[in-house]
Amino acid sequence: MNSKQKNCPKKPLTRFITDDDNCWQLNQYKSFGGYEGLQQALTLSGSAVLDEIKESNLRGRGGAGFPTGLKWSFVPQGDDAPHPKYMIVNADEMEPGAFKDRLLLEKTPHQIIEGLIIGGYTLDADIGYIFIRGDYYTAIERIELALKECYNNNLLGRNILGSGFNFEIHIHTSAGRYICGEETALINSLEGKRANPRAKPPFPQVAGLWGKPTIVNNVETFCNLPHILNFGATWFKSLGRFKDAGTKIFGVSGRVKTPGLWELPMGTPIGEIIENYAGGMCDGYKLKGYLPGGGSTDFLLEKHLDTPMDYDEIGKQRSRMGTGTIIVLDDKYCPVAMVLNLVKFFAQESCGWCTPCRDGLPWAAVLLEKIEQGKGELADIQQLEDLCKFAAPGNTFCALAPGAVEPLQSALVFFRVDFEQHIEQQSCPYCNSDNLEDGDDK
Ligand SMILES: Cc1cc2nc3c(=O)[nH]c(=O)nc-3n(C[C@H](O)[C@H](O)[C@H](O)COP(=O)(O)O)c2cc1C
Ligand code: SF4
C-alpha cells in the first residue's frame with residue numbers, strides 16, 4: 001500500500017483538535033483529511049485491509065495490548081459466516097486515573113466513527129455500537145450529532161460512499177459500573193442482562209453479542225485505524241520510539257505541575273512524560289512512586305523512570321502499560337491511604353461472581369483501613385499478602401480482581417516501611433504532615 005509520505009503526521013490522533021469549540025464537527029474533521037482513511041479502505045478488499053492492520057503492529061489501547069489484527073483474524077469470514085456481525089467501541093472508561101478516551105470522545109467523535117466503519121468493512125460486519133460511560137454527557141451529545149451527520153452524508157447506512165457496503169451504528173449509554181468495561185460483561189450488559197463476565201471460550205470473536213461474531217475494541221484503538229489506512233503500516237510503525245508502533249495518549253495525574261494528556265510516540269520514557277510534559281513534581285513535593293498505567297497497575301519507582309512506555313518493557317519491570325495514564329504518588333501522601341482508596345473502589349465494583357474478589361477485596365479494604373487508622377497488627381500485612389495471592393490471575397473469572405490487587409501487592413513491597421510505621425506508631429505518619437491540602441482525602 002502506498003504511504004502518503006509527504007503529509008504524514010506525527011500526532012495523527014490529536015491533530016484534529018483545535019481551540020475552536022466546534023472542532024468535533026464533520027467539516028472540521030474533513031478539512032484535516034477525515035474520512036480519507038475510509039475512502040482508501042473502500043478501494044481495497046476486507047482481507048487486504050486486515051493485512052495492513054496486522055502489518056502495522058497496532059496493539060489494543062484498552063489495557064492488555066492485545067494485537068488488533070490478530071484478534072480480528074478470529075472472526076469467521078466468507079459466505080458461510082454467521083450474520084449479523086457486530087463491532088463495539090468500548091468507551092466505558094471507569095478505571096481510576098483514566099481520562100484519555102474522554103478527550104477523543106468529546107473532541108474527535110468522527111475519528112472514532114470512521115475507525116468503527118473501517119472495522120465493520122474489514123470484517124464484513126453489519127452493526128456497530130458505541131458503548132459509552134453514561135456520565136460522559138458532552139461526548140454522548142456530540143456522538144449523537146456526529147452519527148446524524150454521517151447518515152446525512154452517506155457515511156453510514158446503505159451503500160456507503162457508493163461502495164455497496166451497508167453499516168449502521170448505535171450509541172448505548174452504560175448504567176455506570178466499572179465491570180461493564182470488561183468486554184464480555186459489556187456484551188451481557190448490551191443484551192440487557194446483568195453485567196457478569198462470560199466464560200471464555202467461546203470468545204466473542206466467534207460467539208459474542210446475541211451469540212454472533214463480535215469485536216470489542218477500545219476507543220483509542222479504533223482511532224488509529226483511519227491513519228493506518230491513510231498513511232500506511234510502515235509509517236505507523238515508524239512513529240514508535242521502541243518496539244511498539246504508533247503514538248499513544250499518555251496522561252499524568254497527581255501532584256505534578258501540569259497534569260494532563262499528551263499524544264506522544266509509543267516508547268516515550270516514563271520520566272520524560274512526568275518531567276517534560278507534566279512539568280515535574282509540584283514545588284515542595286518529591287516523587288515517591290507512580291502507577292504507570294492507571295489504578296490497576298503495579299507501582300514503579302524513581303529507578304524505573306527510564307523505562308519506555310512500551311507494553312513489553314513495562315512488563316519486564318513487573319508492571320503494566322494499562323491505559324497509559326500515570327498516577328503519581330508524592331512523598332507527603334500516605335501510600336496506605338492511596339491503596340485503601342483504590343481497593344475500596346474495586347471492592348465496590350466487584351460483580352460478586354468469584355470469592356477472592358467478592359469477599360477478598362472488601363476484607364483487604366477492612367485491613368487497610370485498620371492499618372491506616374493506626375489500629376493494625378503485623379499479622380494484617382501477612383493477610384494482605386495472602387489476599388493478593390488469592391486474587392492472582394487464574395484464580396478469578398475476570399481480570400478485575402487481579403488488577404485491583406496490583407497497586408496493593410507492589411505497595412507492600414516498595415512501601416513496606418510505611419505499613420510497618422503505621423503499626424508501630426499506632427497512627428498514620430502522614431497525618432501530622434502540615435502539607436495536606438484542604439480537601440485532601442486522608
Ligand atoms: C474490570 C475491567 C474493566 C475494563 N474496562 C475497560 C474500559 O473501560 N475500556 C476498555 O477499552 N477496555 C476495558 N477493559 C478491557 C476490555 O475487557 C477489553 O480487553 C478491551 O476493550 C479490548 O480492547 P483493545 O483490544 O482495543 O485493547 C476492562 C477490563 C476489565 C477486566
Ligand atoms: S474477578 Fe470480580 S468482577 Fe471479575 S468475575 Fe470475579 S467477582 Fe466478578
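Heavy-atom basis, side chains included; hydrogens, waters and symmetry copies ignored. Numbering of ligands and ligand atoms starts at 1, following listing order. If you read the sequence from its start, that first residue is 1, and numbering goes on from there.
- Between Asp298 and Arg320 there is no salt bridge, since none of the side-chain N atoms of the basic residue sits less than 4.0 Å from a carboxylate O of the acidic one.
- Counting non-hydrogen atoms of neighbouring residues, nucleotides and ligands closer than 6.0 angstrom, the CD atom of Glu141 reaches no more than 12 such neighbours.
- If you look at Phe299 and Phe414, their ring centroids are not closer than 6.0 Å.
- Against a heavy-atom cut-off of under 4.0 Å, Ile179 is close to the following atoms of ligand 2: 3 (S).
- No donor-acceptor distance shorter than 3.5 angstrom exists from the side chain of Asn22 to the backbone of Gln25, with no hydrogens or angles considered.
- Within the 4.5 Å cutoff, side-chain heavy atoms of Met87 are placed close to those of Phe222.
- Using cut-offs of 30° and 60° for the angle between ring planes, the Phe231 and Trp235 rings count as tilted.
- A salt bridge does not link Glu36 with Lys30: none of the charged nitrogens is closer than 4.0 Å to a carboxylate oxygen.
- A salt bridge links Lys71 with Glu183: at least one charged nitrogen is closer than 4.0 Å to a carboxylate oxygen.
- Panel note: side chain Tyr121, backbone Val49; no donor-acceptor pair is recorded below 3.5 Å.
- Excluding waters, the protein N/O/S atoms found under 2.8 Å from atom 6 (Fe) of ligand 2 are Cys354 SG.
- A salt bridge between Arg198 and Glu191 is present, with a side-chain N of the basic residue lying under 4.0 Å from a carboxylate O of the acidic one.
- Listed by chain and number, Gly60, Arg61, Gly62, Lys71, Asn90, Asp92, Glu93, Tyr178, Gly181, Glu182, Glu183, Val216, Asn217, Asn218, Thr221, Ala399, Leu400 each place a non-hydrogen atom less than 4.0 angstrom from ligand 1.
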